[in-house]
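A note on names: the letters A, B, ... follow the listed sequences, proteins ahead of strands, and every chain is numbered from 1. No hydrogens, no waters, no symmetry mates; every other heavy atom, side chains included, goes into these values.
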Number of protein chains: 2
Amino acid sequence: MTTKKATIKDVAREAKVSIASVSRVLNGLGGVTADTQEAVRQAAARLHYVPDSAARSLITGRTHTIGAVLPDLYGEFFSELIRGIDLAARARGLHLLVSSSHDGVEDAAAAVRAMRGRVDGLIVLSQFVDQAFLEKNLPADLPAVLLDSPVDNPRYPAINIDNDAGAQAMVGHLLDVGHASVAFITGPSGNFDAQQREKGYRAAMAAHAPHMPLNIIAGDFTEESGYRAGRELLAQRPRPQAVFAANDMMAVGCLYAFKEAGLDVPGDIALAGFDDILIARYVTPALSTVRVSITDLGKSALLLLTGLMEGKAHTSPATRTLGCDVVVRDSCGAHQTDVATINPSRAG
Amino acid sequence: MTTKKATIKDVAREAKVSIASVSRVLNGLGGVTADTQEAVRQAAARLHYVPDSAARSLITGRTHTIGAVLPDLYGEFFSELIRGIDLAARARGLHLLVSSSHDGVEDAAAAVRAMRGRVDGLIVLSQFVDQAFLEKNLPADLPAVLLDSPVDNPRYPAINIDNDAGAQAMVGHLLDVGHASVAFITGPSGNFDAQQREKGYRAAMAAHAPHMPLNIIAGDFTEESGYRAGRELLAQRPRPQAVFAANDMMAVGCLYAFKEAGLDVPGDIALAGFDDILIARYVTPALSTVRVSITDLGKSALLLLTGLMEGKAHTSPATRTLGCDVVVRDSCGAHQTDVATINPSRAG
DNA sequence: AGTTTTGATGAAAACGTTTACGTTCCGCCG
DNA sequence: CGGCGGAACGTAAACGTTTTCATCAAAACT
């Protein structure tokens, strides 16, 4: 019973062949007779041999690992994203190195640099990442794809959620159902998603209700800020007939403000959010929202990345867009439950 | 402008010293004059030198990476767990390699084996993992800690959630509040958590209501199974006064079955779950449940693992237990909202 | 039968580090 | 003044692979 770990040499000795042949067999390179194959396989099994990945990486220059740099793992969004990435990575035999929980530019930079040499490619989602950041911290030879980023550069392909179209569709829906005045609760000012959703709100209002004044309240994506925004809206005279929050958590906060005031949703005031987080289905009334398939986002990112890694560098456009679906539940006052696909330009 | 990545040799040449000195400076090993230090530092900066981690791992045998093997990333539990692990790992300068989404024994075995050589330590959470599995797939020299596992062996320290005490406390609470008959919805039969929660239910009933017959319905942790169990319970005569589901998702499913039947919760029937998932707070009525700090679980696991990696092999007991808190909300019929710490034996 | 082609195999170089071991130099003590 | 110890630094071995190249036998041609 050997307690040391077996190396390729041990297998070679055990199988009475050279290390080259062992390597050939185990990597399926061919040029080996069936007999030696068998001998090597058995020897390897007998010794419980597992190739040392460090040595392999050193010589091949590949790690079979991809890295994911994320701002924080908190909440459903990131867990779903990682899950999507991991699922797709596993299917292609790749490992996943995650690095999250950094809340400053320096933190993010360190995370990206630490990936150097450990991964074959990188998926980056961070509001701190812009063109300059990448040029400074990203090794030139490391393929990377950006998520949810305003950077538009062929060297760094990006996948974005179609926030604009999603928001437009939802606002359009609210207006269609008969709510004349629609208020909007924004996300944090620096957030790219939040900006685009606001843009969509403005565009939809301009298109469908050009005569109505815009009604925009500041929020920061937290439930708490949604609650505050809700109270603010309640104080308005006349009260808006519908409220569209830039994300679901704020919509939920808003809902609690309305409930607290004794209002009936959607009877007295309609409400809608964005993201379709799990909770949306479970609050009362169930929240109408805009769904984005986060798992798909992760999957698309990985696929795009592996494409890059395999050398098809500039065949694809710099930026892709992932469509959203309006999910009509009870909170918006349209009585059927239905899913309408808004933007069919799904990436992948 | 060199397009190739710089190696230690390039730095040595640039600084006009030997590679050994470069290594010494960059690793802070001492035995170098201030002059050479400075020269090396500058050369390294000039060339944007970053040590190759594969080469380093090969010679040192350390990767500065720890691996997490999980069954699936779906749901809040795993996202919180990973977050806890990542947070603690980052604080100690360790990277995190995750491997999830495997649903068979073979899958799990492959995942564990693939970690060989890539990580310095392993955190494993999988219902497929038992003593034999570990002996077969885990390299003898790889430190590992188990999560939520029945294995009790000093070689594989484990951290478990105190499901038993948590379940006992909740059932005790339900009885205390005045619900004479408490039914229980089980989890999947193979699941360790589920088994322990059932054990807790039985123990609490035996202790507080020895005359009452046990009322156990099968479930599998899904919302759907909770719904079915709820309908089954509704058909019982007499109807139980309270229902304790082995996890929150089933409790939610159950809640919908009750609502559908027009029952008032907790007026007509009380309800409680286990896990304190995010949704628990948002359903109506808010769900009473047993909270376990999953982030702490991840953190404790990582701390225990680093302890192992640093050689303190057998100083700690084989199994630790992480306490739970009963969270009283509206669904159980006790009117105050309150958190009571049940088991103060927190690991860490 | 002689020559070429083919295919299997092994020897050895290479990857970029860390580190054990020499070497050199200098100051110090006896 | 000779030897000795220690600090600074360089040389080279080692880590475990993959891969190129040479070798060799056998099969395939002429």
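- The backbone N or O of I82(A) lies less than 3.5 Å from no partner atom in the side chain of D86(A), so there is not a single donor-acceptor pair.
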Give every donor-acceptor pair under 3.5 Å between a side-chain atom in residues 48-56 of chain A and any protein atom, sequence neighbours left out.
unit_1	atom_1	unit_2	atom_2	d
D52(A)	OD1	A54(A)	N	2.8
D52(A)	OD1	A55(A)	N	2.9

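- A side-chain donor-acceptor contact under 3.5 Å links R90(A) to the backbone of S100(B).
- Residues from residues 48-60 of chain A placing a heavy atom under 4.0 Å of any atom in DNA chain C, listed by number, are L58(A), I59(A).
- The shortest distance between side-chain heavy atoms of P157(A) and L308(A) falls below 4.5 Å.
- A salt bridge links D10(B) with R13(B): at least one charged nitrogen is closer than 4.0 Å to a carboxylate oxygen.
- One N or O on the side chain of T36(A) and one on the backbone of T33(A) form a donor-acceptor pair closer than 3.5 Å.
- Following rounding to the nearest Å, N27(A) (CG) and dT20(D) (P) show an atom-to-atom distance of 13 Å.
- You'll find the side chain of I294(A) stays beyond 4.5 Å of the side chain of F78(A), heavy atoms only.
- In this structure, E14(B) does not pair ionically with K9(B), as no charged nitrogen and carboxylate oxygen lie closer than 4.0 Å.
- Remark: the backbone N or O of N160(A) is not paired with any side-chain donor or acceptor of T321(A) at under 3.5 angstrom.
- Looking at N137(A), its side chain does come within 3.5 Å of a backbone N or O of F133(A) through a donor-acceptor pair.
- Helix bend of the helix from dA1(C)-dT30(D) to dG30(C)-dC1(D): the angle between its two end axes, each built from five pairs, comes to 50° after rounding to 10°.
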Identify all pairs in which a protein N or O lies below 3.5 Å from an N or O of nucleotides 8-11 of chain C, and state each distance.
unit_1	atom_1	unit_2	atom_2	d
dT9(C)	OP1	T33(A)	OG1	3.3
dT9(C)	OP2	T33(A)	N	3.1
dT9(C)	OP2	T36(A)	OG1	3.0
dG10(C)	OP2	S18(A)	N	2.7
dG10(C)	OP2	S18(A)	OG	3.2
dG10(C)	OP2	S21(A)	OG	3.1
dG10(C)	N7	R24(A)	NH2	2.9
dG10(C)	O6	R24(A)	NH1	3.4

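- As rounded to whole Å, 13 Å separates atom P of dT17(D) from atom CZ of R13(A).
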With 3.5 Å as the limit, what N/O pairs link the protein to nucleotides 22-26 of chain D?
none

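- Under a 3.5 Å cut-off, the side chain of S300(A) and the backbone N or O of D296(A) do form a donor-acceptor pair.
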Give the table of side-chain donor-acceptor pairs shorter than 3.5 Å for residues 117-128 of chain B, with sequence neighbours excluded, one pair per line with atom names and distance.
unit_1	atom_1	unit_2	atom_2	d
R118(B)	NE	A114(B)	O	3.3
R118(B)	NH1	T63(A)	O	3.2
R118(B)	NH1	T65(A)	OG1	3.3
R118(B)	NH2	T63(A)	O	3.4
D120(B)	OD1	T63(B)	N	2.7
D120(B)	OD1	T63(B)	OG1	2.9
D120(B)	OD2	T63(B)	N	3.1
D120(B)	OD2	H64(B)	N	2.8
S126(B)	OG	F128(B)	N	3.1

